[in-house]
Amino acid sequence: MTDIASSSASVSARRPNEFWISELNGRQWEAVKECDKPLLVIAGAGSGKTRVLTYKIAYLLDHGYRPEEILALTFTNKAAREMNERIGKIVGRERSQGLWSGTFHSLFSQILRMEREAIGMKRDFSIYDASDSRSLIKSIVKEMGLDDKTYKPSRIQGRISAAKNHLLLPQDYAADASIMARDNRDNVGETHRIYAQYFQRCQTAAALDFDDLLLYTYLLFDRHEEIRLKYARRFRYLLVDEYQDTNFAQHSIIAQLTRENHRICVVGDDAQSIYSFRGANIDNILQFHVQYPESVTVKLEQNYRSTQNIVKAANSIIFHNKSQIEKTIFSDNAVGDFIALMPAASDREEAAKVVGTIARLKRKEAVDFDEIAILYRTNAQSRSFEDALRERNLPYRIYGGLSFYQRKEVKDIVAYCRLLNNLDDEEAFKRIVNYPARGIGNTTLQKLFSASREHGVSLWATAYEPDKYGVKLHQGTLNKLDNFCRMILDLRELLSEVGAFDLMLEVIHQTGIKNDLNQEDGPEGESKRENVEELLNSVRAFEQDWLEENGERFVPLTEFLQQSALQTDVDQKDDDTPKITLMTIHAAKGLEFEAVFVTGMEDGLFPGVQARLFPREMEEERRLFYVAVTRAKRFCFLSYAQTRFRYGSLERSEESPFVREIDSRFIREENEMTISTDRVTGTGFKPTLFVAPSEEKGAFPHFRGNERKTPASPRSDTPAAASANSRGRKLSRVSAVCSSVSGSNESNGLSAGIVIRHERFGKGTILAVEGKGDNANALVEFENVGRKKLLLKFAKFKVLES
DNA sequence: ATATCAACCCTTTTT
DNA sequence: GGGTTGATAT
């Protein structure tokens with residue numbers, strides 16, 4: 001089972017690998033070229049993990065693997081995108097097209113859509129996000145007459161999520177004595193019934209939640225051996241990034257796909273495992289050698305990112321953890337500056353100090369804003385920094401928190417779209433049935449609810465045919481319901497005729513949303529209208545991108561919905577002006593910055609109160625701290641506030657115990673810095689950096705600050721062109737490509753029988769050409785992906801033989 | 001049925 | 001501080 005790569009190497013290697021070797025150190029190269037045995041790469045922070053992954057894929061491509069035979073799984077879209085770009089740079093874009101790379105969730109949801117029949121799902125299933133799930137759980141708790149104090153939706157959601165991550169269906173859950181005992185002990189003994197009901201309701205709504213994307217993929221492969229084999233064979237090589245953060249479900253699916261051939265490479269760092277709260281199981285990485293006894297382990301221990309002081313300080317932090325894989329991370333970079341500790345009297349002062357220091361970093365060290373990050377433990381901490389940055393007119397960008405797609409006005413429009421796409425989507429229905437207000441109130445809804453539960457049909461079904469399900473309503477209400485349903489059905493007619501963008505425009509007009517928003521005045525209404533604009537922009541951008549890659553007449557709404565459901569804040573880019581990054585430490589995983597501020601270093605905040613009593617949680621918090629510090633290339637600051645506003649009132653806090661865990665040789669307090677400069681070497685960090693922020697007034701008189709913000713939307717995360725930009729392409733470039741391609745292809749006079757190579761789908765034979773002008777399209781039979789209809793206006797391919 | 005206001009939780013962390 | 005829920009008036 002280990003012959004393929006080597007046997008085909010001589011045939012297809014086109015490029016000497018010496019060039020690569022110069023780009024890699026010995027260990028990295030070792031990891032790249034080991035393609036026969038299962039490979040575990042323990043990659044310390046900043047040790048070139050992504051480099052190894054990308055070169056390894058390039059190496060595979062050079063040794064007989066076709067792009068579509070490689071599956072590369074990441075945790076974030078950003079990581080996937082970055083990987084794709086870097087591979088494109090190494091082997092050229094065309095040779096990497098067709099690679100299966102992306103997040104677990106997005107790739108699996110694509111597979112589920114392709115194999116929907118096997119699991120009895122319809123093509124246009126909805127994806128419930130966390131708040132949809134929570135709201136569904138909430139209504140179930142209510143319906144079951146349980147106390148929502150003891151059965152707090154978020155708590156139940158956590159349990160259900162954990163169950164799914166352990167591949168436990170409702171019946172398995174109820175049958176598990178230890179789980180039931182635990183639930184009973186915790187006074188939530190009815191959880192299994194909620195879970196069963198939740199599961200059922202998701203099914204009648206044709207909806208999958210995030211965890212279902214994994215669970216159903218597992219079940220698909222488990223119950224349909226032929227399908228599992230199909231994918232196990234298709235993916236001849238499997239790579240997994242951030243393996244320390246995989247949960248049992250992910251681990252199991254990987255096992256399903258590698259059962260026959262063990263061509264797999266996982267990359268991770270146990271010291272950076274920070275998602276155990278989400279079911280991530282560190283044993284997956286620790287037990288890799290047991291799962292694959294013939295496996296090889298490569299440790300990458302040289303850090304190329306940070307100064308020696310930062311690396312050593314980070315080592316001294318993680319040293320306090322008991323359980324870990326033995327390794328010594330070292331750096332050959334400059335010694336660098338001390339980690340700087342910045343105490344502050346209040347959270348406001350903390351923010352002022354941080355921002356003041358940023359201004360100085362920019363001026364004295366020429367660190368640009370996009371090389372600076374302010375990190376914190378909880379999203380709630382962002383506010384004081386926002387205020388301080390706005391006051392100083394410094395550009396920033398917040399990631400996380402209330403993401404764009406979670407705003408009410410945006411969610412409402414998306415909910416309409418979801419309902420059009422999938423009439424059974426219950427959460428979407430609930431959200432918009434009476435928005436804008438049309439007199440369908442709670443009492444009506446309750447009647448529909450109980451009818452739908454009673455008959456096991458969707459809410460839509462009962463609203464559409466109330467009589468059939470014995471719903472008793474006044475004539476007036478019946479008329480209102482009927483009007484609503486007719487409007488939805490009318491809009492639905494458009495699904496097969498127009499693209500996502502046009503459809504959304506129709507929705508906004510026909511449903512009265514536009515009217516409603518136009519009536520709202522004041523800054524809030526203004527900001528809502530802006531957000532709707534942004535939503536439309538992002539749809540348009542998505543369309544541009546999608547049409548180019550898939551030759552179709554228009555973008556089906558369902559395509560947009562699917563990608564937007566799995567899109568996170570970090571995936572969005574607004575414009576190109578450098579901005580200071582504000583995010584949680586979790587969100588910063590995998591990123592790096594010249595200067596990093598780790599803020600809120602307070603006992604009870606970081607580590608949080610809940611962690612203090614449990615050693616295992618303390619270790620996770622400590623790893624989180626380790627992740628935070630190792631994001632920094634040159635400058636790392638730790639700040640804390642002695643008083644802080646929490647839940648609206650002032651609270652006192654002490655310095656985090658983590659601060660004292662750093663070896664004192666690598667850290668200095670702000671005021672100490674001004675005196676002891678003797679150890680300051682390397683990058684030449686001037687002690688003058690630390691001056692009271694008040695002296696910093698007007699540091700950037702010419703700088704044009706943040707765009708104006710309305711109080712209602714103080715954040716600067718605009719997802720305009722999120723999708724198009726997210727692939728690293730500009731709209732202008734897209735259109736340029738389109739025009740040139742369409743010109744050449746049309747004049748080439750394509751006809752049946754001609755063989756082409758498509759950028760993404762590979763080699764294929766044209767079966768038929770039809771249509772004129774913009775609508776000209778070709779039906780092509782591709783070798784690997786089957787039949788596709790390409791819209792010649794957008795399709796990127798070249799003719800091989802005619 | 002809707003609009004408004006007071007009382008009430010609260011905060012980890014995210015695909 | 002902020003968002004959600006519940007009671008109350010219209």
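- Side-chain rings of A:F484 and A:F429 approach one another, their centers coming within less than 6.0 Å.
- Proximity of the aromatic rings of A:H586 and A:F277 is defined here by a centroid distance below 6.0 angstrom, and this criterion is met.
- If you take atom C1' in C:dG6 and the same atom in B:dT11, they sit 23 Å apart, rounded to whole Å.
- For the OP1/OP2 pair of B:dT14 and a distance below 4.0 Å, the side-chain nitrogens and oxygens of A:N379 include at least one atom meeting the criterion.
- In this structure, the CG atom of A:L591 is 14 Å from the C1' atom of B:dT14, given to the nearest Å.
- If you check every strand for non-hydrogen atoms under 4.0 Å, A:Y275 touches sugar and phosphate atoms only.
- For A:Y376 and B:dT11, the OH to P distance is 18 Å, given to the nearest whole Å.
- For the pair A:K447 NZ and B:dA1 C1', the computed distance is 13 Å after rounding to whole Å.
- Under the ring pair (Phe, Tyr, Trp, His ring centres under 6.0 Å) criterion, A:Y626 pairs with no residue, sequence neighbours left out.
- Listed by first and then second residue, the salt bridge (charged side-chain N to carboxylate O under 4.0 Å, His left out) pairs involving residues 639-653 of chain A are A:E350-A:R644, A:E602-A:R644, A:R646-A:E651 (not counting sequence neighbours).
- Listed by first residue number, the stems of DNA chain B with at least three Watson-Crick or G-U pairs below 3.5 Å are B:1-9 with C:2-10.
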Which atoms of nucleotides 5-7 of chain C (N or O only) lie under 3.5 Å from a protein N or O atom, and what are those distances?
| residue | atom | partner | partner atom | Å |
| --- | --- | --- | --- | --- |
| C:dT5 | OP1 | A:K138 | NZ | 2.1 |

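- By the 4.0 Å N-to-carboxylate-O rule, A:R612 lies too far from A:E621 to be salt-bridged with it.
- Only one option out of A:R418, A:R431, A:K138 pairs with A:D132 in a salt bridge (Lys or Arg N to Asp or Glu O under 4.0 Å); it is A:R418.
- Distance CZ (A:F104) to P (B:dT14): 18 Å, rounded to an integer number of Å.
- If you check every strand for non-hydrogen atoms under 4.0 Å, A:Q381 touches nothing.
- With rounding to the nearest 0.5 angstrom, the CG atom of A:L445 is 6.5 Å from the CG atom of A:L459.
- Computed from coordinates, the A:E386 CD to C:dG2 P distance equals 11 Å when rounded to whole Å.
- Residues A:S346 and A:E349 bring no donor and acceptor atom of their side chains to less than 3.5 Å of each other.
- No option in A:L107, A:L73, A:L239 other than A:L107 meets the side-chain contact (heavy atoms from CB on, under 4.5 Å) test with A:W100.
- Counting to the nearest Å, the P atom of B:dT14 and the CG atom of A:D212 are 21 Å from each other.
- Nucleic acid contact for A:T477: none, since no nucleic acid atom lies under 4.0 Å from a heavy atom of the residue.
- When each of B:dT14, B:dT11, B:dT15 is scored by its nearest atom to the side-chain atoms of A:T378, the top-ranked nucleotide is B:dT11.
- Donor-acceptor pairing under 3.5 Å is recorded for the side chains of A:N284 and A:T246.
- A:R348 has its CZ atom 14 Å from the C1' atom of C:dG1, to the nearest Å.
- Dashed line: the shortest gap from a side-chain N or O of A:T584 to OP1 or OP2 of B:dT14 is under 4.0 Å.
- Contacts of A:Q610 with the nucleic acid, taken as non-hydrogen atoms under 4.0 Å apart, include base atoms.
- Annotation: C:dT4 and B:dT13 have their C1' atoms spaced 22 Å apart (nearest Å).
- Nearest-nucleotide positions on DNA chain B for A:S154 and A:T103 put A:S154 closer to the 5' end.
- Within 4.0 Å of A:F277, counting heavy atoms only, lies at least one base atom of the nucleic acid.
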Verdict with reasoning, A:Q381 to A:T599, per side-chain contact (heavy atoms from CB on, under 4.5 Å): CA-CA 9 Å; A:Q381 288 165 253; A:T599 65; 4.0 Å; yes
Which protein N or O atoms sit under 3.5 Å from an N or O of nucleotides 2-9 of chain B?
| residue | atom | partner | partner atom | Å |
| --- | --- | --- | --- | --- |
| B:dT2 | OP1 | A:G439 | N | 3.1 |
| B:dT2 | OP2 | A:N434 | ND2 | 2.9 |

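- Sorted by first and then second residue, the salt bridge (charged side-chain N to carboxylate O under 4.0 Å, His left out) pairs involving residues 272-285 of chain A (not counting sequence neighbours) form an empty list.
- Using a 4.0 Å heavy-atom criterion, one finds that A:S106 contacts no nucleic acid atom at all.
- Spacing between atom CZ of A:F210 and atom C1' of B:dT15 amounts to 6 Å, rounded to whole angstrom units.
- Between A:Y216 and A:Y218, the ring centre distance reaches or exceeds 6.0 Å.
- OP1 or OP2 of B:dA1 lies within a sub-4.0 Å distance of a side-chain N or O belonging to A:T443.
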